Amino acid sequence: MLDIKYIIANKELVRDGLAKKGYEKIINIDELEQLYLNINKLKTSSQSMSEEKNKLSNSIKSASNEERPAIIAKSKAIGEELKKELEELDKLQAEFDLMMLKMPNMPSPESPVGPDDSANVVRRKVGTPRAFDFEPKDHVELMEMNDWSEMERIAKVSGSRTYAIKNELARLELAMHMLVLDKLTANGFTTITVPSISKEKPLYGQGYLPFSRDEIYYLPQDDIYLSGTAELILNSLRADEILNENELPILYAGFSPCFRREAGAAGKDTRGLTRVHQFMKTEQFVICKNDIAESEKWHQKLLAISEEVLQDLELPYQVLEVCTGDMGAPKYRQYDLEAWVPTQNCYRETHSCSNITEWQARRTNLRYRDNADGKVKYVHTLNNTGIATPRVLVPFLENHQQADGTVRIPEKLQPYMMGKKFIGKNAK
RNA sequence: GGAUAGAUGGCCGAGUGGUCGAAGGCGCACGAUUGGAAAUCGUGUGUACCCCCAAAGGGUACCGAGGGUUCGAAUCCCUCUCUAUCCGCCA
């Protein structure tokens, strides 16, 4: 959410931001401003009516028996009129609130401008895609030959886009989370496991609603939603609080199962572990001061941590700076990390790192008191993948496979795999 | 699923229809006292919004959330959420 006063004072800037994000046809700023002005007019008049009514009510106690009926009648009459105004006010306010909920964040001036993913910019490539001296197998073949999965059987039990992996691969999945949790702990993050169920309100707080309802699992019997990421939960964990500046920054390493309907992905990535309805994610989430230099610093820090994760896993990757039209409503600035997948001959997303500035905090009403000027301000929030499995297993298995079908375990991961250097049926 | 009790400011806690934004205490901030500290004393201590060019000032709303009754609600009624306890259930 943006500040309406900021919007009105910076109409051209906001219009420009809307255009860059592809929202210029969805949000009409003049309409929004007019609505705001009408609401204020109504507020002013209804508040002065309330004032008069309060004064009358307070005078009743000390009024004589003769004057009392007249005062009551007058107060009642004002009450009727006031009720009508308040109904009108509620209507306008609801309209205004919805428009504000649909207003995207303004993009960073650093972000590349463009309508869709074709305008995303590769900032750097790290590591070199491996030259195989044999024909590399894809991750599904590797899983089959090593008895690492039950993909066909689990589809019968749980439906499409689900996965079951077993033996060393199942342990590898959990090992990766432990590696990342250790790294985040070393960086001062608080490890936290959170539920995967959520009420509706946090979905508005995160900014997933009112935009993408189709992507969310909903349980009508309990009026509850399944979370697609721990970001959803962590973003609302401190909602409505006024934090002490000394508590900041708050760094969460949140682990949770994640659920996504993948309704808009029909036909895409149907093979294997790339895109599934339920997966596990360790999420990096930061709450910091309302200072763009500070949150941009944290944005780079989160990016650096996830790059280090891919380096620990010894995966070649590229850092993509996401353009204004591709980054989604909540975001100020976004990087994606993509790891090299040999059999697809391309980089595929493993991490998504975003600075949300105060856009989410305005929705969750999460603030802090600034030490310097004593004022209450909205915090900045940021989020990034720590690691998401099983998706990352795709580049991992394919990049580290050997000619005999075994898979090499990078050194940094070996302590989490009982010291093993290779896994697979032919591993010694 | 059934039953009971409860939810008040940063915290504890009083308040069952009328100057209650809310007693009292704790905490916190500032000041006095002190060589310094403790103790003590004094003062202050919510948020959002509207009017106002702004400041000063004035006003409205908020006692878990939403609705209702009333001239008037923290207080009465309804619905919901959450917490605690007991019973039942627990692949």
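Values below: every heavy atom of this structure, side chains too, minus hydrogens, waters and symmetry copies. As the structure is a prediction and not an experimental result, all values here were calculated from the model. Below, chains carry the letters A, B, ... as their sequence lines are ordered, and counting in each starts from 1.
Computed from coordinates, the A:Asp3 CG to B:rA48 P distance equals 12 Å when rounded to whole Å. When rounded to the nearest whole Å, the span between NZ of A:Lys199 and P of B:rU81 equals 7 Å.
Across all strands shown, B:rC90 remains unpaired; no Watson-Crick or G-U wobble contact has both distances below 3.5 Å. Base pairing annotation: B:rA55 forms no Watson-Crick or G-U wobble pair, as no partner gives both donor-acceptor distances under 3.5 Å. Across all strands shown, B:rG66 forms a Watson-Crick or G-U wobble pair, both distances under 3.5 Å, with B:rC78. Of the nucleotides present, none pairs with B:rA23 by Watson-Crick or G-U wobble criteria with both distances under 3.5 Å. Nucleotide B:rU83 has B:rA5 as its partner under the Watson-Crick or G-U criteria, with both atom distances under 3.5 Å. With both pairing distances under 3.5 Å, B:rC28 is matched to B:rG44 as a Watson-Crick or G-U wobble pair. Under the Watson-Crick and G-U wobble criteria, each requiring two contacts below 3.5 Å, nucleotide B:rG72 is left unpaired.
The side chain of A:Lys76 places no N or O atom within less than 4.0 Å of a non-bridging phosphate oxygen (OP1 or OP2) of B:rU70. The side chain of A:Asn40 places no N or O atom within less than 4.0 Å of a non-bridging phosphate oxygen (OP1 or OP2) of B:rC49. Between A:Asn58 and the phosphate of B:rC71, there is no side-chain N or O to OP1/OP2 separation shorter than 4.0 Å. Not one side-chain nitrogen or oxygen of A:Tyr36 sits closer than 4.0 Å to the OP1 or OP2 atom of B:rC49.
Using a 4.0 Å heavy-atom distance criterion, A:Asn244 is classed as making no nucleic acid contact. Note on A:Lys5: only backbone sugar-phosphate atoms sit closer than 4.0 angstrom, heavy atoms only; bases stay farther off.
Checked against B:rC50, B:rU60, B:rU47, the side chain of A:Ile242 finds its nearest nucleotide in B:rU47. You'll find that the side chain of A:Ser50 is closest to B:rU60, out of B:rC71, B:rU47, B:rU60. Proximity note for A:Ser57 (side chain, C-beta onward) versus B:rU47, B:rU60, B:rC71: the nearest is B:rC71. If you check B:rG18, B:rA61, B:rC49 against the side chain of A:Ile60, the one that comes closest is B:rG18. Each of B:rC71, B:rU47, B:rU60 was ranked by its minimum atom distance to the side chain of A:Arg369; first place goes to B:rU47. Side chain of A:Arg367, nearest nucleotide from B:rC50, B:rU47, B:rU60: B:rU47.
Each of A:Glu150, A:Glu144, A:Glu173 was evaluated against A:Lys166; a single residue qualifies, A:Glu150, per the salt bridge (charged side-chain N to carboxylate O under 4.0 Å, His left out) test. With A:Thr350 as reference, A:Leu310 is the one residue of A:Thr389, A:Val309, A:Leu310 to meet the side chain to side chain contact (heavy atoms under 4.5 Å, CB included) rule.
Contact check for A:Val157 versus A:Arg153: no side-chain heavy atoms found under the 4.5 Å cut-off. Between A:Gln360 and A:Leu366, the closest side-chain pair of non-hydrogen atoms is not below 4.5 Å.
Using cut-offs of 30° and 60° for the angle between ring planes, the A:Tyr335 and A:His299 rings count as tilted.
Side chain A:Gln47 to base B:rG59: a donor-acceptor pair is found below 3.5 Å.
Between A:Glu247 and A:Arg238 a salt bridge is recorded (basic side-chain N to carboxylate O distance below 4.0 Å).
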